[in-house]
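Written out below as structure tokens is the structure these notes cover.
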Amino acid sequence: MKNLKKLLAAMLAVSMTFALAACSDDDSEDASSHEDTVQVVTTDDIDPIADGEETTLLWMANYDLNPSSDDEKTVGLTLFEEKGGSIEWSRVTSSNQFTKLAAAVTSGKDVPDLFASGSFPYQVLQGFYQPVDDVVDFDDPLWADVKSTADQYVLNGKHYVAPIEFSPAIYIFYDKETIIEEGLDDPMDLYYAGEWDYDAMDDLMSEYVNNADGDEVRYGINGYYAPSYIQQTGETLVMVDDDGTYYSNLDSAAIAKAEERLYNWQKNGYVEASWIGSAADAFSAGCLFYAMGSWAATGDAGPSSGESWGIVPVPSDPDYEGDLPLVSATMTAYWWVKGSTKTDAVRCFYECYRIAQTDETYKQNVKDKWLEDNPNWTEEDYDLMMELSDPDQNLMIFDPAYGVSALMGDDNSGFHSGESLANYLYKATSAPDQTTGNILTWTQTKETYSATVESEVETLNESIASFTE
């Protein structure tokens, strides 16, 4: 178990590398009429940006850090602005963000200072990012409790990640009214009773789907769940040895067993396979569960007045025997782009965003702002989300496969339309192949793609060796 914990600690997500960092492109940028309801006091624990230093950071992402007129400004941004900083948005889409970043870094023109979603180690080896050691002191109390995580993202003795916060990659959302009407066990009650696992979820979907009347169409689930579901086994497609060597893990018996469950979901008619972009639309389409990041069920996508939705984590694997529950996680880290020279502004930005997650007063401000923006979610719901985001209560897991190469991790790399090889492998048993229209068994999937994965991993290991010589 000690070795497993050490290994999984090295798999923490960095803004869910390539996979889910940007599931929707935010078109909102009008902050002209913005007013905050929750007020944030300033702090003396963070130094302002030094006189004479540049104060505006260029932020490249498919969403703006500045709020729209209807949203609360984040605590981190509020503090950063009080310390003299500001954010300028360099808008990109989820499909062109890495192309735009590469063009800026290569040309040296309009180079962003911060980037939303990075791939370690692949994009570091490509020269996209610079180490954060000049702006982050990991021995400082502000950073001390994330130093062990940051140490997993080191090349040539330099840190490339400054962890800000963690959160689950996806949640399982459901309509509580449907649960009550159908006489089903509430998943949240099962979770708190320690009974929310693969079997419990299968039972609920089976009962719901099989109770359809006449021509009524029902589904157990819609959304994006395969990677997080499989990772509840404690296994991932690619693993890393203690010496930092990457290797394929496609022969894992635990992965095979979980993939078989997903294959059976299709055979049993549980899956609504079309893309549905919000929880409300999924429930209207007859789905019991909707699996997606919080963005698809909060804010404007959240429940309307009078609606009551529930939220639980991805169910656990009954065969997992670890001391802590597993969470397929994302990590907010804000990559410092190679070529940026605004050292003190970046330092201040990192510290402001980090203190918002550590200081008890600011943590309450964060909660108050979230509840203000999500009036139809409850305090209990928020507390559960925070519980699932706490690395002291959960073992955060992420698949290194997404950081092996563009082919493995970038959904726009050209492997399949809008799909990386890693994402394809995870859902091969639960969705039709784009080329053949067939759903593969896990055995067929391994036979077809094992050699490719091994080749990509071998190339990465060679690149790391060259970089660290």
Side-chain angles (χ1 to χ4, degrees), residues 23-24 170-191 193 195-230 232 258-316 318 376-378 381 426-434 437-441:
C23 293
S24 65
I170 70 165
Y171 299 93
I172 304 295
F173 300 101
Y174 60 96
D175 188 332
K176 289 189 174 183
E177 184 176 342
T178 299
I179 294 293
I180 294 171
E181 289 176 350
E182 295 296 317
L184 302 174
D185 291 331
D186 191 310
M188 185 178 286
D189 292 340
L190 294 174
Y191 169 73
E195 299 173 1
W196 180 237
D197 60 15
Y198 286 172
D199 294 332
M201 187 173 185
D202 283 358
D203 290 344
L204 289 177
M205 291 195 295
S206 175
E207 186 171 352
Y208 176 72
V209 171
N210 291 326
N211 281 345
D213 293 327
D215 295 333
E216 181 186 12
V217 177
R218 288 186 174 186
Y219 301 99
I221 192 166
N222 176 267
Y224 191 86
Y225 49 81
S228 294
Y229 186 89
I230 299 300
Q232 289 302 106
E259 291 281 4
E260 184 178 4
R261 281 185 180 265
L262 295 185
Y263 187 81
N264 288 333
W265 283 11
Q266 286 284 340
K267 291 198 303 182
N268 294 331
Y270 295 166
V271 178
E272 160 54 289
S274 61
W275 170 256
I276 299 179
S278 72
D281 289 343
F283 301 151
S284 297
C287 299
L288 179 63
F289 295 121
Y290 181 66
M292 196 63 70
S294 60
W295 61 269
T298 58
D300 292 339
S304 300
S305 179
E307 292 181 323
S308 179
W309 294 356
I311 180 173
V312 285
V314 178
S316 62
N376 299 311
W377 284 105
T378 69
D381 298 322
Y426 271 120
K427 72 181 190 65
T429 64
S430 58
D433 179 81
Q434 291 188 23
N438 298 324
I439 297 176
L440 303 179
T441 66

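Every heavy atom of this structure was used, including side-chain atoms; hydrogens, water molecules and symmetry mates were not. All figures in this text were calculated on a predicted structure; none of them were measured in a lab.
Considering every non-hydrogen atom in both Ser304 and Asn376, the closest pair reads C-ND2, 3.3 Å. Summarising the geometry of Asp175 relative to Ser308, their closest heavy-atom pair is OD1-O, 3.5 Å, with the distance given to 0.1 Å. Nearest heavy atoms, Ala297 versus Ala279: CB-CB, 4.0 Å. Looking at every heavy atom in both residues, Tyr171 comes nearest to Ser294 through CE1-CB, 3.9 Å. Of all heavy-atom pairs spanning Glu272 and Cys287, the tightest one is CB-SG, 3.8 Å.
Taking the six-membered ring for Trp, Trp265 and Tyr229 have ring centres closer than 6.0 Å.
Judged by distance alone, with hydrogens and angles left aside, the side-chain atoms of Ser316 form a donor-acceptor pair with the main-chain N or O of Trp196 at under 3.5 Å. A donor-acceptor pair under 3.5 Å is formed between the side chain of Tyr174 and the backbone N or O of Met188. Side-chain N or O atoms of Asp381 include one that pairs as donor or acceptor with a backbone N or O of Thr378 at under 3.5 Å.
Separating the OH atom in Tyr208 from the CD atom in Glu181 is a distance of 9.5 Å, to the nearest 0.5 Å. Distance CD1/Ile230 to CD/Glu259: 4.0 Å, rounded to 0.5 Å. The CD1 atom of Ile170 sits 10.0 Å away from atom OH of Tyr290, with the distance rounded to the nearest 0.5 Å. Here CD1 of Ile311 is found 5.0 Å from CH2 of Trp377. Values are rounded to the nearest 0.5 Å. Taken to the nearest 0.5 Å, the OH atom of Tyr270 stands 15.0 Å off from the OG atom of Ser430. With values rounded to the nearest 0.5 angstrom, Asp189 atom CG is found 10.0 Å from Ile179 atom CD1.
The closest side-chain heavy-atom distance from Asp202 to Asn268 is not below 4.5 Å. Two residues are said to be in side-chain contact when any heavy atoms from C-beta on lie closer than 4.5 Å; Asp186 and Lys176 meet this criterion. No side-chain heavy atom of Met292 sits under 4.5 Å from any side-chain heavy atom of Ile276. At a threshold of 4.5 Å between non-hydrogen side-chain atoms, the residues Tyr225 and Val314 do not count as touching. Side-chain contact between Tyr426 and Leu262 is absent, with no heavy atoms from C-beta onward closer than 4.5 Å. When side chains are defined from C-beta on, Asn264 does not count as touching Thr429, because their heavy atoms never get closer than 4.5 Å. Side-chain atoms of Phe283 and Phe173, non-hydrogen and from C-beta on, do get closer than 4.5 Å to each other. Using a 4.5 Å heavy-atom cutoff, the side chains of Leu204 and Pro187 are in contact.
Taking a 6.0 Å sphere around CD of Glu260, one finds it holds 12 or fewer heavy atoms contributed by other residues, nucleotides or ligands. For CD of Glu182, the number of neighbouring non-hydrogen atoms (other residues, nucleotides, ligands) closer than 6.0 Å is greater than 12. Taking a 6.0 Å sphere around CG of Asp300, one finds it holds 12 or fewer heavy atoms contributed by other residues, nucleotides or ligands.
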One pair to check against side-chain contact (heavy atoms from CB on, under 4.5 Å): Leu184 and Leu288. What are the steps and the verdict?
CA-CA 11 Å; Leu184 302 174; Leu288 179 63; 4.2 Å; yes

Given Asn211 and Arg218, is the side-chain contact (heavy atoms from CB on, under 4.5 Å) satisfied, shown in steps?
CA-CA 9 Å; Asn211 281 345; Arg218 288 186 174 186; 3.6 Å; yes

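For Asp199, the salt bridge (charged side-chain N to carboxylate O under 4.0 Å, His left out) test picks out Arg261, with sequence neighbours left out.
Remark: the Ser284 side chain and the Asp281 side chain contain no N/O donor-acceptor pair separated by less than 3.5 Å.
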